[in-house]
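One structure is given below, encoded as structure tokens.
Heavy atoms only: backbone and side chains are in, while hydrogens, waters and symmetry mates are out.
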Amino acid sequence: MGVLWTVFTITFAVITVVVFIQPYWIGDSVNTPQAGYFGLFHYCIGNALTSELTCKGSALDFGSIPSGAFKTAMFFVGISMLLVVGSIVCFSLFFFCNAGSVYKICAWMQLASSTCMVIGCMIYPDGWDSEQVKRMCGQRTDKYTLGNCTVRWAYILAIISIMDSLSLSFLAFSLGSRQDKLLPEDFQVEGKDDA
């Protein structure tokens, strides 16, 4: 069960990195005035005359991100990604510490990652009222109203990753508790009642 949890945690880390990097959170549809797509920090908007996409935005250049909500969502999704990568780094603790403790550390990190991803996914639509998004999606676009645009696969993957992270953290908690029960009596935590 622990090996399966490890494989799924590594897979989850890859998913979280993809969610952070990919600019396909929202995008154009058949009815949008301009072609394009938006991510957490990178976005491309089409030129109506030439049909070429003009791309802007960088994770290191906060001034190029079109909305304060996008900046905040990028921060929380980035923290979520770092927590998951940190839980993979914690795998090395299995060589030095009690396995139950390592599982619980990773579980708390994955639970915190899930919380950050929830916050990022909830804040992201607050930035849909920025001028760049309205230019692509039409004037009916507002906070939490996408207008003529559609939600793309990276945003859906971010929402799915929340459930994945919750499942992995609960599995890690149960694996940690099971490992604690396997310890001999000499190694049990002192101060517990023997009732």
Side-chain angles (χ1 to χ4, degrees), residues 1-26 38-42 58-60 62 65 69-127 151-195:
M1 199 65 149
V3 173
L4 203 58
W5 172 80
T6 303
V7 169
F8 286 146
T9 298
I10 293 169
T11 305
F12 172 63
V14 170
I15 288 170
T16 308
V17 170
V18 167
V19 161
F20 182 76
I21 292 173
Q22 288 298 315
Y24 302 107
W25 280 53
I26 60 172
F38 281 82
L40 289 170
F41 52 86
H42 184 76
S58 168
L60 302 176
F62 265 46
I65 301 172
F70 287 2
K71 293 174 188 175
T72 307
M74 182 191 80
F75 171 78
F76 280 107
V77 173
I79 294 296
S80 175
M81 178 186 68
L82 291 176
L83 283 167
V84 174
V85 171
S87 73
I88 291 175
V89 171
C90 285
F91 290 172
S92 63
L93 294 176
F94 279 113
F95 297 111
F96 308 109
C97 301
N98 174 7
S101 299
V102 176
Y103 280 125
K104 290 176 184 173
I105 290 168
C106 290
W108 281 112
M109 291 176 81
Q110 289 171 341
L111 195 60
S113 169
S114 178
T115 303
C116 288
M117 189 65 79
V118 165
I119 293 169
C121 287
M122 289 176 65
I123 290 175
Y124 185 75
D126 193 54
V151 171
R152 293 284 180 95
W153 64 269
Y155 193 27
I156 294 168
L157 193 61
I159 293 168
I160 292 170
S161 74
I162 294 166
M163 297 308 296
D164 188 21
S165 181
L166 286 173
S167 302
L168 286 171
S169 68
F170 291 137
L171 180 60
F173 277 125
S174 67
L175 287 170
S177 296
R178 191 175 80 181
Q179 287 293 324
D180 286 345
K181 291 176 185 172
L182 294 175
L183 288 174
E185 289 295 323
D186 304 2
F187 291 89
Q188 294 292 328
V189 178
E190 292 182 18
K192 284 192 173 183
D193 295 331
D194 296 327

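Within the structure, the side chain to side chain donor-acceptor pair (under 3.5 Å) test picks out no pair touching residues 157-173 (sequence neighbours left out).
When all heavy atoms of I65 and M74 are compared, the pair lying nearest together is CD1-SD, 3.9 Å. Residue R152 comes nearest to I26 through the heavy atom pair CG-C, 3.6 Å, listed as atom of the first residue, atom of the second, then distance.
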Check residues 83-91 and write down every donor-acceptor pair under 3.5 Å in which the side-chain atom is one partner and the other belongs to a residue at least two apart or another chain.
residue	atom	partner	partner atom	Å
S87	OG	V84	O	2.7

What side-chain donor-acceptor pairs closer than 3.5 Å can you find for residues 119-127, not counting sequence neighbours?
residue	atom	partner	partner atom	Å
Y124	OH	G39	O	3.1

Give every donor-acceptor pair under 3.5 Å between a side-chain atom in residues 7-16 and any protein atom, sequence neighbours left out.
residue	atom	partner	partner atom	Å
T9	OG1	W5	O	2.8
T9	OG1	Q110	NE2	3.1
T11	OG1	V7	O	2.9
T16	OG1	F12	O	2.8

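Between L168 atom CG and T6 atom OG1 the span is 10.0 Å, to the nearest 0.5 Å. Put simply, OH on Y155 and CG on L40 are 10.0 Å apart, with the number rounded to the nearest 0.5 Å. Within the model, atoms OH of Y24 and NE2 of H42 stand 7.5 Å from one another, a figure rounded to the nearest 0.5 Å.
A distance-only check finds a donor-acceptor pair linking the side chain of W25 to the backbone of V19 [under 3.5 Å].
Listed by chain and residue number, F41 satisfy the ring-ring contact (aromatic ring centres under 6.0 Å, His included) test with F20 (two or more places apart in sequence, or in another chain). Evaluation of the side-chain hydrogen bond (donor to acceptor under 3.5 Å, both in side chains) rule for S80 yields S113 as partners, not counting sequence neighbours.
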